[in-house]
S.K.: 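Take a look at this one; I'll ask things after.
In what follows, residues are counted from 1 in the order of the sequence shown. Atoms considered below: every heavy atom in the structure, side chains included; atoms not considered: hydrogens, waters and symmetry mates.
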Amino acid sequence: QVQLVESGGGLVQPGGSLRLSCAASGFTFSANGMSWYRQAPGKEREFVATSRASGSTLYADSVKGRFIISRDNDKRTLYLDMNSLKPEDTAVYYCYVISRATWGQGTQVTVSS
């Protein structure tokens with residue numbers, strides 16, 4: 001059974017940083033591409049970043065240069081380091097296994113002074 005558990009969300013001031021984690025189980029983590037998505041209130045879920053099994057990464061233009069996606073295959077964990085946060089980054093952030101089309105439960109990130 002595929003399971004994804006996100007953590008690390010919270011309230012942060014503009015310009016601050018947060019690190020999100022996604023603990024994965026139930027599939028071969030190292031062989032799978034993993035992504036982060038986010039959904040702001042009243043908006044559709046949108047792509048944030050992908051970490052392919054090969055190690056390559058892809059970012060949405062809105063977060064490029066501020067966010068870094070990484071993975072620890074030994075710990076079966078996906079990370080998202082978010083820097084220079086803006087109020088418009090406020091959203092629920094979701095972890096996603098591309099090949100299994102499975103979502104985590106999400107973690108809330110609020111950027112506000």
Side-chain angles (χ1 to χ4, degrees):
Q1 177 184 353
V2 175
Q3 190 170 13
L4 303 171
V5 180
E6 300 98 331
S7 61
L11 173 64
V12 63
Q13 293 187 343
S17 299
L18 276 177
R19 176 178 241 204
L20 305 184
S21 299
C22 171
S25 61
F27 63 101
T28 306
F29 181 80
S30 61
N32 279 270
M34 302 288 299
S35 295
W36 287 101
Y37 282 74
R38 66 186 182 185
Q39 187 166 19
K43 295 188 177 181
E44 293 188 355
R45 195 168 297 188
E46 65 175 6
F47 169 76
V48 175
T50 286
S51 169
R52 300 186 180 97
S54 65
S56 63
T57 57
L58 182 67
Y59 294 92
D61 287 344
S62 59
V63 306
K64 200 173 296 182
R66 298 188 299 123
F67 291 10
I68 299 173
I69 188 171
S70 63
R71 61 196 298 159
D72 186 327
N73 289 334
D74 290 336
K75 294 183 178 179
R76 305 172 58 83
T77 302
L78 182 72
Y79 300 102
L80 186 68
D81 288 293
M82 306 185 295
N83 303 300
S84 301
L85 282 161
K86 305 175 182 180
E88 51 263 43
D89 295 317
T90 295
V92 177
Y93 284 72
Y94 296 92
C95 182
Y96 180 68
V97 185
I98 299 171
S99 66
R100 302 296 186 100
T102 300
W103 299 93
Q105 85 288 350
T107 186
Q108 176 70 48
V109 172
T110 302
V111 184
S112 175
S113 55

S.K.: Does any N or O in the side chain of Thr57 come within less than 3.5 Å of the main-chain N or O of Ser51, such that one atom is a donor and the other an acceptor?
M.R.: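 Flag not set: sc Thr57 to bb Ser51 has no pair under 3.5 Å.
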
S.K.: Between atom CZ of Phe67 and atom CG of Asp81, what is the distance when rounded to the nearest 0.5 Å?
M.R.: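 CG of Asp81 is found 10.0 Å from CZ of Phe67.
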
S.K.: Could you go through the side chain to side chain contact (heavy atoms under 4.5 Å, CB included) check for Ser35 and Ile98 one step at a time?
M.R.: CA-CA 7 Å; Ser35 295; Ile98 299 171; 3.6 Å; yes

S.K.: Under a single-linkage definition using a 4.5 Å side-chain heavy-atom cutoff for Ile, Leu, Val, Met, Phe, Trp and Tyr, are Tyr94 and Met82 assigned to the same hydrophobic cluster?
M.R.: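 No, it is not one cluster - the side chains of Tyr94 and Met82 are not joined through contacts under 4.5 Å.
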
S.K.: Among the clusters formed by ILVMFWY side chains lying less than 4.5 Å apart, do Tyr79 and Val97 turn up in the same one?
M.R.: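 In one cluster: no.
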
S.K.: Grab the two heavy atoms, one from Val48 and one from Val63, that are nearest each other, plus how far apart they are.
M.R.: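 So the two residues come closest at O-CG2, 3.6 Å.
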
S.K.: Roughly how far, to the nearest 0.5 Å, is the OH atom of Tyr59 from the CZ atom of Phe47?
M.R.: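 Those atoms lie 9.5 Å apart.
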
S.K.: Do Val92 and Leu78 belong together in a cluster built from hydrophobic side chains that touch within less than 4.5 Å?
M.R.: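 Looking at the clustering, Leu78 is in a separate group from Val92.
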
S.K.: Is the CD atom of Glu44 crowded by more than 12 outside heavy atoms at less than 6.0 Å?
M.R.: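 Not buried by this count: 12 neighbours or fewer within 6.0 Å.
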
S.K.: Within the side chain of Glu6, is there an N or O that forms a donor-acceptor pair under 3.5 Å with the backbone of Cys95?
M.R.: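 The answer is yes, because a donor-acceptor pair under 3.5 Å joins these two groups.
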
S.K.: Distance check, rounded to the nearest 0.5 Å: Thr50 atom OG1 versus Ile69 atom CD1?
M.R.: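 Reported to 0.5 Å precision, the distance equals 6.0 Å.
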
S.K.: So which atom in Gln108 and which in Thr90 form the shortest heavy-atom distance, rounded to 0.1 Å?
M.R.: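 Closest heavy-atom pair between Gln108 and Thr90: NE2-CG2, 4.0 Å.
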
S.K.: When hydrophobic residues are tied together by side-chain contacts of less than 4.5 Å, even through go-betweens, does Val12 share a cluster with Ile68?
M.R.: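 Result: yes, single cluster for both.
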
S.K.: Please report the shortest heavy-atom distance between Ala53 and Ser30, naming the atom on each side.
M.R.: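 Result for this residue pair: CB-O, 3.6 Å.
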
S.K.: Provide the closest heavy-atom pair for Pro14 versus Ser113 in the form atom of the first, atom of the second, distance.
M.R.: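 Heavy atoms of Pro14 and Ser113 come nearest at CD-N, 3.7 Å.
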
S.K.: Would you name the heavy atoms of Ala91 and Ala40 that are closest together and state the gap between them?
M.R.: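 Reported closest heavy-atom pair: CB-N, 3.8 Å.
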
S.K.: Taking NZ, NE, NH1 and NH2 as the nitrogens, is one of them in Asp89 or Lys86 under 4.0 Å from a carboxylate oxygen of the other?
M.R.: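 A salt bridge is absent here (no side-chain N lies under 4.0 Å from a carboxylate O).
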
S.K.: Do Ser54 and Ser56 have side-chain N/O donor and acceptor atoms under 3.5 Å apart?
M.R.: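 There is such a pair between these side chains.
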
S.K.: Can you tell me how far the OG1 atom of Thr77 sits from the CG atom of Leu20, to the nearest 0.5 Å?
M.R.: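 Rounded to the nearest 0.5 Å, the OG1-CG separation comes to 12.5 Å.
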
S.K.: Honestly curious: do Met34 and Val109 fall in one hydrophobic cluster under the side-chain, below-4.5 Å linking rule?
M.R.: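 They do share one cluster, since a chain of ILVMFWY contacts under 4.5 Å joins Met34 to Val109.
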
S.K.: When rounded to the nearest 0.5 angstrom, what is the spacing between CG in Leu80 and OH in Tyr93?
M.R.: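 One gets 7.5 Å once the value is rounded to the nearest 0.5 Å.
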
S.K.: Ignoring hydrogens and angles, tell me if any N or O in the side chain of Arg76 forms a donor-acceptor pair with the backbone of Ala24 under 3.5 Å.
M.R.: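 Side chain of Arg76 to backbone of Ala24: a pair is present.
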
S.K.: To the closest 0.5 Å, what do you measure between CZ (Arg38) and CZ (Arg45)?
M.R.: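 Result: 13.0 Å between the selected atoms.
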
S.K.: Please answer whether the main-chain N or O of Leu4 pairs with a side-chain N or O of Trp103 as donor and acceptor at a distance below 3.5 Å.
M.R.: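 No, the answer is negative, given that no donor and acceptor are paired below the 3.5 Å cut-off.
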
